[in-house]
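Everything below concerns the one structure shown next.
Start at 1 and go down the list; that is how both ligands and their atoms are numbered. Since the model is a prediction, treat every value here as computed from it, not as a measurement.
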Amino acid sequence: MNPQPLIAVVGNPNAGKSALFNALTGARQKVGNYPGVTVERHVGRAILPSGAPAELIDLPGSYGLDPNSPDEAVTRDVLLGRQQGERLPDALLIVLDASNLDNHLRFALQLIALGRPTVVALNMVDLAKRDGLELDAAKLEAELGVPVIETVAVRRRGISDLLGRLESELGHQRAVHGKDLPPPDLIHLQKRAREVAEAAILRETPVRRITHRLDAVLLHPVAGPIILAAVLFIMFQAVFAWATVPADALDAGITSLGNIVGNALAAGVLKSLVVDGVFAGVGAVIVFLPQILILFLFILVLEATGYLVRAAFLMDKLMHSAGLSGRAFIPLLSSFACAVPGIMATRTIDDPKDRLTTILVAPLMTCSARLPVYTLIIAAFIPNRAVGPGIGLQGLVMFLLYIGGIAGALLAAWALRRSVVKGRGGAFMMELPKYQMPRLVDIALGLYQRALIFLKRAGTIILGTTIVLWALASFPQAGPGQKQSEVSIAGYIGSAIHKVVAPIGFNQDISLALLPTMAAREVAVSAIGTVYALDASDEGQLTSLEDRLASRWSLATALAYLVWFIFAPQCISTIAVTRRETNSWKWTGFMVGYLFVLAYAAAGLTYWTAVAFGLG
Ligand SMILES: Nc1nc2c(ncn2[C@@H]2O[C@H](COP(=O)(O)OP(=O)(O)OP(=O)(O)O)[C@@H](O)[C@H]2O)c(=O)[nH]1
Ligand SMILES: [Mg+2]
């Protein structure tokens, strides 16, 4: 038996644990290694006021008891006495950063609930005071039910008090009951942390006060999720409501430019390429620039204000129950722009299974390439009318499609975590930043970059695919009474694909577009634009793409196609980056396979249901 009591120094990253450890142990510190884990074990000896020695162990910083990394796993295992070669600590010394109480108290509350002899060091009080924050250690002590000592580790302030309280707490078992129990989820943990902090704060700066007042509402267990849903809802309403004028103007501009260029060219193959291929195809995609920019305006503003991290916070329980880790949030969020950077961002997830699960579901987040497809089909088939005060039906459908993607990702993660990538996700591990006003320059720059990315895609991959499709769809040329979209090479390929997708309500046009759409989802729009333009030159009539869609597709087909796009992995870049990041053709094939199966089944269910309701 080791006669020296063991005291674990524990807390969030950067709370000042090591500084405090050094102050408590002086120079007598030695460093060891845990077997198998690349984490250093720091132990040292402190002399308690009675003269008896105690062994101190400096643990890696952690955000909670659910580990997200090997470091955090070591911390948890030591605290629970599960670490091999380490005995259960006799007491905990929790280190809090006084100027970051809300964030640090979440972990502290979990630790106190362990019921071990515990002393809290309220560290960095010098920095807190400098920032105009005054705390009442006695109030904090009353709220937490364990001794709280103010310290300034780097100036050795409070060190002897700390040692005294540690010695008197050693051997005191605390009963854990009632309000000491750890709250059931992150949101309630945060609420309790807020209450404790609120009680201890005597004075704070206006900025901090505003942040705390806002969080009391925005992170409220009931109001928080409702507000988040409302924010997303307004976002999609705006995508439709605000984009109409600029999108119409852009459309008119592209059409007249197309006419000018078309008139300048002699009738023939070149004219068809330019008018039917480039203008009807790529132009059909470019008109969606305003919508994309409005969507990103919202996302950028929400991010800059500090609200997006709160959204992650609110989603934590849901993500956790689906088996996704807290770290999955940022990759999944970037996947709303594009799954490619999203999948690359999963590199921050340490656990390989966590990471794989996140990669496999990332393509389900509604990327901005789907926006043109959704918008076109919604505009053609969903009446532009209000279903309530200020609530447009079109925006509502768009909102539902996004929710469908999120729900699909959560369900898929849930199923994957119980089958092929068994396991559970780690916990949330972000600090909540202060709220701030977004800087106009940053937002403008962000929008500019988004516009550039979109236009570059239109000018390269979409233009290229459209030209290839135009060629395949133009030859051989239709004779009198024949439809170009039926006799061409593309038409034949389309007919072959049609046999497979006819049961789920897809028509010849959709079938023809399915293959080129693998290059990028927006190609669905440019491909249909080109094919209709080619047909229209035969029929000699010019109507808008939306009107043509409305006259050629049934509502059931349109709905099935929308649902198809929630799931279908129609993006070569995503498939390529999945291969690179998983380093496995097997997992890449699995992802493409399960997504296509889901897409087929969901589109089919939608179609058959719609037909049953007489919408066929
Ligand atoms: N002003 C001031 N600075 C402090 C105090 N305590 C620690 N610091 C500084 O805060 C920084 C972080 O301290 P560390 O002791 O490394 O924090 P830690 O908790 O061990 O961090 P991790 O090991 O990364 O989890 C260092 O630059 C310290 O010098 C304090 O009471 N007052
Ligand atoms: Mg440290």
Flag [X] as yes when one of its N or O atoms lies below 3.5 Å from any N or O atom of ligand 1, and as no otherwise.
| X | answer |
| --- | --- |
| Ala153 | yes |
| Val125 | no |
| Ala15 | yes |

State whether any protein heavy atom lies less than 4.0 Å from atom 12 (C) of ligand 1.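 Yes, because at least one protein heavy atom sits under 4.0 Å from atom 12 (C) of ligand 1.
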Could you tell me whether atom 18 (P) of ligand 1 has a protein heavy atom closer than 4.0 Å?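 At least one protein heavy atom is under 4.0 Å away.
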Nearest non-hydrogen partners of Asp90 and Arg116, listed with the distance: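 Residues Asp90 and Arg116, closest heavy atoms: CA-NH2, 3.7 Å.
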Which heavy atom of Gly16 sits nearest to which heavy atom of Ala153, and what is that distance?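 Closest approach of Gly16 to Ala153, heavy atoms only: O-CB, 4.3 Å.
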Give a yes/no on ligand 1: does Gly11 have at least one heavy atom closer than 4.0 angstrom to it?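 For ligand 1, residue contact (heavy atoms, under 4.0 Å) with Gly11 is absent.
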For atom 1 (N) of ligand 1, which of the options Thr151, Asp58, Asp126 provides the nearest non-hydrogen atom?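 Going through Thr151, Asp58, Asp126 one by one, Asp126 has the nearest heavy atom to atom 1 (N) of ligand 1.
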Please state which option from His42, Arg156, Met124, Arg130 has its nearest heavy atom closest to atom 9 (C) of ligand 1.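 Looking at heavy atoms only, Met124 sits closest to atom 9 (C) of ligand 1.
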Are any side-chain N or O atoms of [X] and backbone N or O atoms of [Y], one a donor and one an acceptor, separated by less than 3.5 Å?
| X | Y | value |
| --- | --- | --- |
| Arg208 | Ser99 | yes |
| Ser584 | Lys586 | yes |
| Arg370 | Met365 | yes |

Mind telling me whether Tyr402 and Phe236 have parallel, tilted or perpendicular rings, with 30° and 60° as the class edges?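 Rings of Phe236 and Tyr402: tilted, as their planes differ by 30° to 60°.
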What are the protein N, O or S atoms, given as residue plus atom name, that sit under 2.8 Å from the Mg ion (ligand 2)?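 Listed by chain and number: Ser18 OG.
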May I ask you to list the atoms of ligand 1 that are less than 4.0 angstrom from any heavy atom of [X]?
| X | value |
| --- | --- |
| Gly61 | 25 (O) |
| Ala19 | 7 (C), 15 (O) |
| Ser18 | 15 (O), 18 (P), 20 (O), 23 (O) |

Location of contacts on Leu127 toward ligand 1, heavy atoms closer than 4.0 Å: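 Only the side chain of Leu127 comes within reach of ligand 1.
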Trp587 and its side chain to side chain contact (heavy atoms under 4.5 Å, CB included) partner, picked from Val592, Val421, Ile359: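 Going through Val592, Val421, Ile359 one by one, the side chain to side chain contact (heavy atoms under 4.5 Å, CB included) with Trp587 is satisfied by Val421 alone.
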Count the heavy atoms belonging to other residues, nucleotides or ligands that lie under 6.0 Å from CG of Leu440, then report whether that count exceeds 12.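 Check fails, neighbour count at 12 or below.
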Euclidean distance, Leu101 CG relative to Leu122 CG, rounded to 0.5 Å: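 Output value for this atom pair is 6.0 Å.
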